[in-house]
Amino acid sequence: MSVTPIGAMSDAALQAAPVAKARGYWATVGRRIARDKVSMVCAFILLLIFLSALIAPWLGWPIPIRAR
């Protein structure tokens with residue numbers, strides 16, 4: 001069994017490769033959804049429905065029950 005002293009090791013062996021930051025789970029999910037065209041169209045339609053529900057009180061349409 002041969003033991004190599006630390007001083008004898010080459011500098012390349014001691015230097016670690018730069019650590020790439022791993023993406024999180026939700027970052028990966030977001031990236032995959034963003035690449036899917038059908039998902040993006042559906043998300044856009046859902047966003048339109050949500051926004052129209054938020055601004056519905058200010059659209060000025062009469063409430064049908066009160067109109068009678």
Side-chain angles (χ1 to χ4, degrees):
M1 176 165 105
S2 116
V3 176
T4 307
I6 293 178
M9 296 179 110
S10 69
D11 288 335
L14 293 175
Q15 292 178 352
V19 178
K21 187 173 181 181
R23 288 191 193 111
Y25 174 75
W26 290 109
T28 304
V29 170
R31 179 179 285 264
R32 290 180 72 181
I33 289 174
R35 289 183 180 177
D36 187 14
K37 292 178 183 178
V38 175
S39 298
M40 291 306 295
V41 169
C42 291
F44 181 72
I45 291 171
L46 286 174
L47 181 66
L48 285 178
I49 293 170
F50 179 74
L51 291 176
S52 65
L54 283 179
I55 64 170
W58 294 284
L59 290 177
W61 293 333
I63 299 173
I65 297 173
R66 290 187 189 165
R68 289 183 184 179

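Everything quoted here is computed from the prediction, not taken from an experiment.
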Next on the checklist: Do Trp26 and Ile33 land in one hydrophobic cluster if side-chain heavy atoms of ILVMFWY residues count as linked below 4.5 Å?
Outcome noted: yes
Item to check | With Thr28 via side chain to side chain donor-acceptor pair (under 3.5 Å) - residues at least two apart | outcome: none
Item to check | Leu54-Leu47 co-clustered via ILVMFWY side chain contacts under 4.5 Å | outcome: yes
Checklist outcome for this item: Residues at least two apart in sequence or cross-chain that pass side-chain contact (heavy atoms from CB on, under 4.5 Å) with Ile49, listed by chain then number, are Ile45
